[in-house]
Amino acid sequence: MKNYIWDFDGMLFDSYPHITKAFQLAMADFGKEVDYTEAKSLLEIKFDVCYNHYGVSPEMRAKHKEYEHDYSLEPVVEPFPNTFKTLFTLKERGVRHYLYTHRGHETSQHYLEKFNMAPLFDGFVDSDMKFPNKPAPDAIEYICTEYGLDKSETIMIGDREIDVLAGKNAGVFACLYTKDLSTDTVADYKVSDIIQILDI
């Protein structure tokens, strides 16, 4: 494998605790109390799933984004263990890294730069580029075309089935990062620790 396309939230960075806390605070500002565990599980599926479940208004969404962009809000966003080591080791082997995230450009770059990962990436697709959301293949198709990637040597890696499906829909390999390796998936590979990707 020569080209690695990575998801951000829940894959490279342990960001959902921060995202969920921001959501709780946003809902509290509008007089709504939400269960942390339930909200986190819904947000991990897809933000819209969570928003629809709780009947979140555009004003509430904006407030959630505002809290989420507070980089000092505890718990802070940090990379998972072995993230930098995995990216760096693969880069040393001559692979190319690309980021495909529904997160905005400003926040994704902030965290990549904070943890010295930005130089390891050769290209980025984020929500500012207005591609259809995963599992649509459009953004991956763009990456492959823009950077001249051979799909037979390219893999999409993420923690959700929509990441996997985006990759499969685009005709590249897919890997699911999951703590439960018995999880049903159409992915070609499954790993429970990012370091295991070095063995693919």
Side-chain angles (χ1 to χ4, degrees), residues 1-16 19 40-49 77-103 108 111-112 115 117-127 129 131-200:
M1 215 68 70
K2 295 183 179 179
N3 312 300
Y4 289 69
I5 304 173
W6 300 88
D7 177 49
F8 184 99
D9 293 299
M11 179 63 242
L12 297 177
F13 284 80
D14 186 13
S15 53
Y16 280 105
I19 290 168
K40 183 172 180 285
S41 66
L42 293 171
L43 287 163
E44 286 174 337
I45 297 170
K46 200 173 183 180
F47 276 28
D48 281 347
V49 171
V77 175
E78 294 184 330
F80 284 107
N82 295 319
T83 295
F84 184 87
K85 180 180 180 180
T86 302
L87 292 173
F88 184 81
T89 301
L90 287 169
K91 195 71 173 178
E92 291 253 287
R93 294 178 182 176
V95 310
R96 294 187 288 178
H97 293 305
Y98 302 89
L99 185 72
Y100 173 25
T101 177
H102 290 164
R103 179 180 285 272
S108 59
Y111 290 118
L112 289 175
F115 293 98
M117 295 182 191
L120 299 176
F121 283 83
D122 294 274
F124 308 88
V125 168
D126 50 55
S127 64
M129 299 176 75
F131 283 105
N133 285 347
K134 305 164 186 172
D138 304 55
I140 296 176
E141 294 279 7
Y142 165 81
I143 291 172
C144 291
T145 300
E146 179 71 12
Y147 299 100
L149 309 189
D150 183 340
K151 289 185 177 182
S152 69
E153 298 176 333
T154 302
I155 187 167
M156 173 70 206
I157 309 166
D159 65 307
R160 297 177 296 173
E161 193 66 7
I162 61 170
D163 300 310
V164 169
L165 289 170
K168 299 300 286 184
N169 290 339
V172 303
F173 289 98
C175 177
L176 179 68
Y177 168 61
T178 174
K179 293 302 181 184
D180 182 5
L181 291 177
S182 66
T183 301
D184 288 332
T185 177
V186 298
D188 302 286
Y189 307 95
K190 287 189 282 189
V191 297
S192 57
D193 187 314
I194 191 173
I195 201 75
Q196 295 167 351
I197 291 170
L198 296 179
D199 298 325
I200 293 177

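Only this structure's heavy atoms are used, side chains among them; waters, hydrogens and symmetry mates stay out. When a residue number appears, it is its place in the shown sequence, counting from 1.
- Atoms CD1 and CZ, from I194 and F80 in turn, are 9.0 Å apart once rounded to the nearest 0.5 Å.
- With a 4.5 Å cut-off on side-chain heavy atoms, E153 and N3 count as touching.
- The structure places NE2 of H102 at 4.0 Å from CG of N133, a figure rounded to the nearest 0.5 Å.
- Considering every non-hydrogen atom in both I162 and I45, the closest pair reads CD1-O, 4.2 Å.
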Could you go through residues 165-176 and list every donor-acceptor pair under 3.5 Å that involves a side-chain atom there, pairing it with any protein atom two or more places apart or in another chain?
| unit_1 | atom_1 | unit_2 | atom_2 | d |
| --- | --- | --- | --- | --- |
| K168 | NZ | D188 | OD1 | 3.1 |
| K168 | NZ | D188 | OD2 | 3.1 |
| N169 | ND2 | P135 | O | 2.9 |
| N169 | ND2 | L165 | O | 3.1 |

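- Considering only heavy atoms from C-beta on, W6 comes within 4.5 Å of L87 through its side chain.
- Heavy-atom minimum distance, V49 versus L42: CG1-CD2, 3.9 Å.
- The pair D150-K2 fails the salt-bridge criterion, with no side-chain N (NZ, NE, NH1 or NH2) lying under 4.0 Å from an Asp/Glu carboxylate O.
- For D184, the CG atom counts as loosely surrounded, since its 6.0 Å shell holds 12 or fewer non-hydrogen atoms of other residues, nucleotides or ligands.
- Under the 3.5 Å distance criterion, with hydrogens and angles disregarded, a donor-acceptor pair is assigned to the side chains of S182 and D180.
- Separating the CG atom in L120 from the CZ atom in F84 is a distance of 5.0 Å, to the nearest 0.5 Å.
- The nearest pair of heavy atoms linking V95 to L90 is CG2-O, 3.1 Å.
- The two residues M117 and T83 make their nearest non-hydrogen contact at CE-CG2, 3.6 Å.
- For F131, the side-chain contact (heavy atoms from CB on, under 4.5 Å) criterion is met by V125, M129, D138, A139, Y142, not counting sequence neighbours.
- Closest heavy-atom contact between L99 and F121: N-CD2, 3.7 Å.
- Contact detail for D9 and R103: the closest heavy-atom pair is OD1-NH2, 2.5 Å.
- Between H97 and Y4, the ring planes lie perpendicular to each other; the angle is over 60°, past the 30° to 60° tilted range.
- Expressed to the nearest 0.5 Å, how far CG of D7 lies from OG1 of T101 amounts to 6.0 Å.
- Side-chain atoms of R160 never come within 3.5 Å of backbone atoms of G10 as a donor-acceptor pair (strictly under, hydrogens ignored).
- Taking the side-chain contact (heavy atoms from CB on, under 4.5 Å) definition, one finds that D122 meets it with K91, R96, Y98, sequence neighbours left out.
- Remark: of the listed residues E161, K46, M156, M156 is the sole one forming a side-chain contact (heavy atoms from CB on, under 4.5 Å) with K134.
- Between E141 and K151 there is a salt bridge, since a side-chain N of the basic residue sits under 4.0 Å from a carboxylate O of the acidic one.
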